[in-house]
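In what follows, a structure is listed as structure tokens, so that the remarks can point back to it.
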Amino acid sequence: ASSDSSVLGRALPLLVEEGNTRWKVRSIDNAAGHLGAIALKFSDENLMRAYARARVLGVVVALSGMLIIAVLGVTAGFVLTQRLERITGVARRVAGGDLDARTNLKGRDEIAALGTTIDAMLRSLGDKELSLRQSLAELSRREQDLETTLNSIGDAVIATDEAGRVQRMN
């Protein structure tokens, strides 16, 4: 059998394996004896081209995946950093005395929970500061009333602490 009918019935030509080709030779025999030989030429050329395409595709998929992961990582880092910077900015404002600063972070993650807790703490501190200012104003008013009352009494009045030190007198 041959794809080239001119070689039928002749001795096998020199079977040279080159590149991606190889030969397989089989003897053909039956009960009457030797009938001949068959030489089959196999080529890995198509397989090698498919392998090369698969390798290129694999590299493209791997690089694309790495690029997507890098973009997602940078984006997540940016979002996370922005939210942490917002908390840091609020902390700086509070350190400067601004109890009206708020993070206004929303979400269900830990950073949003931290921001919400900080905001609640600042509201509570603001309420307590307002109450304290009002109490101090009331105390100052009462102090002035006491001073006016003491100064309007015609008799001498001296107030001391438990150690006997003069605290107030008219």
With rounding to the nearest 0.5 Å, note down the distance linking [atom1] in [X] to [atom2] in [Y].
X	Y	atom1	atom2	answer
I68	L63	CD1	CG	11.0 Å
L136	L132	CG	CG	4.5 Å
S152	E147	OG	CD	10.5 Å
L105	L114	CG	CG	8.0 Å
Q134	E129	CD	CD	11.0 Å
L130	L99	CG	CG	11.0 Å

Query raised in the report: Would a hydrophobic clustering, with Ile, Leu, Val, Met, Phe, Trp and Tyr connected at side-chain separations under 4.5 Å, put I38 with F42?
Result: yes
Query - Single-linkage hydrophobic cluster L84~L122, side-chain heavy atoms < 4.5 angstrom - result: yes
Query - Pairs touching residues 26-36 that satisfy side-chain hydrogen bond (donor to acceptor under 3.5 Å, both in side chains), sequence neighbours left out - result: S27-D29, S27-H34, D29-H34
Requested in this report: Can you tell me which residue pairs pass the side-chain hydrogen bond (donor to acceptor under 3.5 Å, both in side chains) test with a partner in residues 52-78, sequence neighbours excluded?
Outcome: none
Query - Student check: side-chain heavy atoms of T88 and V90 closer than 4.5 Å - result: no
Query raised in the report: Do D119 and R102 have side chains that get closer than 4.5 Å, going by heavy atoms?
Result: yes
Query raised in the report: If you draw a 6.0 Å radius around CD in E110, do more than 12 non-hydrogen atoms from other residues or ligands fall strictly inside?
Result: no
Requested in this report: Keeping to residues at least two apart or across chains, list the salt bridge (charged side-chain N to carboxylate O under 4.0 Å, His left out) pairs with something in residues 69-86.
Outcome: R83-D109
Requested in this report: May I ask you to decide whether R168 forms a salt bridge with E143, counting only side-chain N to carboxylate O separations under 4.0 Å?
Outcome: yes
Requested in this report: Start with the C-alpha gap between D44 and R22, add the side-chain angles, then the distance that decides, and say whether salt bridge (charged side-chain N to carboxylate O under 4.0 Å, His left out) holds.
Outcome: CA-CA 8 Å; D44 293 336; R22 62 184 190 286; 3.2 Å; yes
